[in-house]
Number of protein chains: 2
Amino acid sequence: MLPRYTQIKLALLDAIEDGTMGPGDQVPSENQLALQHQVSRMTARRAVTELVEEGILMRTQGLGTFVSDHRPMSSMLEIRSIRDEVIQRGHRYASSILHLDSVIANEALARWLDVGIGDVVFHSIIVHSENGQPIQYEERWVNPRWAPDYLQQDFSQQTANHYLNLVAPLTQADHSVEAMLPEAHIAQALQITAADPCLKISRRTYSARGVVSHAVLYHPGNRYRLGGHLNFQAKT
Amino acid sequence: MLPRYTQIKLALLDAIEDGTMGPGDQVPSENQLALQHQVSRMTARRAVTELVEEGILMRTQGLGTFVSDHRPMSSMLEIRSIRDEVIQRGHRYASSILHLDSVIANEALARWLDVGIGDVVFHSIIVHSENGQPIQYEERWVNPRWAPDYLQQDFSQQTANHYLNLVAPLTQADHSVEAMLPEAHIAQALQITAADPCLKISRRTYSARGVVSHAVLYHPGNRYRLGGHLNFQAKT
DNA sequence: ACATACTACTTGTATATACAAGTATGCACA
DNA sequence: TGTGCATACTTGTATATACAAGTAGTATGT
């Protein structure tokens with residue numbers, strides 16, 4: 001049995017995800033929440049406090065508590081599904097699949113994925129959008145060894161990231177981030193011009209047994225930020 | 001007047017700093033703290049809870065609360081001095097100081113640094129270069145409270161980052177990364193054109209007692225990449 | 001000797017209550 | 001027409017209390 005304040009947190013998160021409460025909307029006051037959930041105000045308050053600390057809600061003394069509407073931001077320190085990110089912000093998520101096929105590994109690709117030159121690897125290009133605006137162009141190469149059914153997946157239902165995490169749980173990742181101007185076809189897919197700067201993230205993910213995939217993610221600079229919070233104390 | 005729980009937090013931080021309590025030591029129990037400070041247990045508990053959230057203390061149900069190990073971690077995303085980075089690559093490092101002065105905090109800056117509007121804060125702009133090519137434009141605002149001698153430092157000998165780490169050891173940092181086109185004066189300082197994309201990193205650093213500095217770092221997109229390695233084994 | 005139960009402590013959850021402090025609105029008064 | 005005040009909300013701080021749950025050590029019974 002989960003603690004009451006956790007249940008209230010989950011109820012609030014549900015309301016944000018299913019659109020009952022959108023960014024900027026006022027959350028029921030602590031007293032109202034207490035009434036609705038039949039708990040004391042202090043317990044309702046704790047639920048709200050934790051969501052505020054997570055950045056999902058914002059409150060102002062004397063005014064009320066509101067669903068925050070931060071600019072898209074994701075963490076460099078955890079690898080989350082872009083879909084979850086968007087939905088948790090209370091926004092509309094959609095994706096379109098531009099490519100889903102298999103290719104022959106050239107030398108560079110073989111080195112990235114730790115396979116042989118000439119081996120078959122899976123390949124996908126997917127564009128993710130938030131409220132109708134593209135926010136990520138995802139090109140990914142996958143080692144068939146750890147995800148043999150990759151091509152049979154329906155990535156409109158479940159992100160590649162999510163699927164891979166199911167069949168080959170992540171244990172490590174390398175990534176690098178840089179700013180660059182997009183190539184023409186990427187600019188077109190993201191609905192920006194070739195002069196708009198992009199954030200390019202190259203990432204290689206590992207499961208316990210080896211390299212799972214190599215992904216290159218492009219984000220429009222003006223619609224996306226990568227964020228993080230570091231805590232330098234050891235957690236042990 | 002600070003809230004009671006904040007006063008207790010500060011008292012605990014003092015005890016950690018002056019060595020009364022070292023890493024691994026047990027902190028007085030919530031009931032003892034409540035007695036010592038003449039507050040209710042819930043108030044003492046709140047002080048401890050916040051320090052736990054900041055990673056300074058650790059607690060275990062049934063056992064007690066302990067001072068965490070201070071060892072600066074994170075192979076994942078270490079905040080390193082740009083100077084060390086360059087030198088470690090075996091390249092030539094140089095820096096030039098464009099500004100080193102104090103300014104009056106406007107509303108936005110006051111919020112970033114958690115000072116009052118109109119307070120004096122220190123300000124510096126430094127350009128770092130690798131093998132003669134600029135690779136970082138660093139604009140930084142510093143809370144004088146934690147680094148009163150900031151303006152007297154010789155930043156050609158020691159980076160701002162390094163100095164701050166001495167006088168107010170980092171415990172936490174927030175940052176966000178985005179791609180953007182540089183303003184004219186930044187482009188000029190970095191010796192690039194205004195059409196060359198840049199990586200902009202905004203970072204706020206904290207010591208145990210509060211916000212130490214706010215830095216905005218610009219890197220030419222074609223000369224710099226941000227890298228990292230994540231390991232998912234230990235945590236959660 | 002060994003397992004069980006008890007005890008004394010710790011942190012974790014939850015309540016009911018009180019008042020302080022900040023915000024917005026409408027109403028009375030000049 | 002305003003200006004200020006009262007009011008009705010909100011969140012913020014603080015207390016006293018109760019019991020649940022986890023840990024460690026001690027005493028007890030077989």
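Quick note on labels: first sequence line is chain A, next is B, and so on, each numbered from 1.
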Might you list the N or O atoms of the protein lying below 3.5 Å from N or O atoms in nucleotides 6-9 of chain C, with each pair's distance?
none

*For DNA chain C, whose closest nucleotide is more 5', that of A:Q38 or that of B:P28?*
B:P28
*How close or far is atom C1' of D:dT11 from atom CZ of A:F66, stated in whole angstroms?*
11 Å
*Rounded to whole angstroms, how far apart are CG on B:N31 and P on C:dG12?*
13 Å
_Nearest-Å distance for atom pair CD/P, residues A:Q61 and C:dC19_ = 17 Å
*asked:* Whether A:T43 contacts C:dT15 is assessed here as follows: a side-chain N or O lying under 4.0 Å from the phosphate OP1 or OP2. Is that the case?
replied: yes
*Would you classify A:V48 as touching base, sugar-phosphate or nothing, given that sugar-phosphate means primed atoms plus P, OP1 and OP2, and contacts are heavy atoms under 4.0 Å?*
nothing
*Pick out which of B:L57, B:V27, B:I8 makes a side-chain contact (heavy atoms from CB on, under 4.5 Å) with B:L51.*
B:L57
*Quick one: does B:H214's side chain have a donor or acceptor within less than 3.5 Å of a partner on B:R204's backbone?*
no
*d(CZ, B:R41; C1', C:dT11) in whole Å*: 6 Å
Identify every side-chain donor-acceptor pair in residues 106-117 of chain B under 3.5 Å, counting partners at least two apart or on other chains, and give the distances.
from, atom 1, to, atom 2, distance (Å)
B:N106, OD1, B:A108, N, 3.3
B:N106, OD1, B:L109, N, 2.8

*To the nearest Å, give me how far apart CD (A:E50) and P (C:dT13) are.*
8 Å
_Tell me if a side-chain donor or acceptor on B:W146 pairs with a main-chain N or O of B:V167 at a distance below 3.5 Å._
no
*Does B:R4 have a side-chain nitrogen or oxygen under 4.0 Å from the phosphate oxygens OP1 or OP2 of D:dT13?*
no
*asked:* Around atom NE2 of B:H37, are there more than 12 heavy atoms from other residues, nucleotides or ligands closer than 6.0 Å?
replied: yes
*To the nearest angstrom, how far is B:R46 atom CZ from C:dG12 atom P?*
16 Å
*Rounded to the Å, how far apart are B:M42 CE and C:dA16 P?*
14 Å
*asked:* Taking 4.0 Å as the cut-off, does a side-chain nitrogen or oxygen of B:Y5 come that near to OP1 or OP2 on D:dA14?
replied: no
*Does the D:dG12 base have a donor-acceptor partner in the side chain of A:R59 within less than 3.5 Å?*
no
*What is the distance from CD of A:E30 to P of C:dT17, rounded to the nearest Å?*
17 Å
*Just to confirm, is there a sub-4.0 Å distance from OP1 or OP2 of C:dG12 to any side-chain nitrogen or oxygen of B:R45?*
yes
*With respect to the phosphate group of C:dT23, does any side-chain polar atom (N or O) of A:T60 fall under 4.0 Å of OP1 or OP2?*
no
*Establish, with yes or no, whether the OP1 or OP2 oxygen of D:dA16 is under 4.0 angstrom from a side-chain nitrogen or oxygen of B:S40.*
no
_Does either side chain, that of B:T20 or that of B:D18, offer a donor lying less than 3.5 Å from an acceptor on the other one?_
yes
*Check the surroundings of atom NE2 in B:H185: do more than 12 heavy atoms from other residues, nucleotides or ligands lie under 6.0 Å from it?*
yes
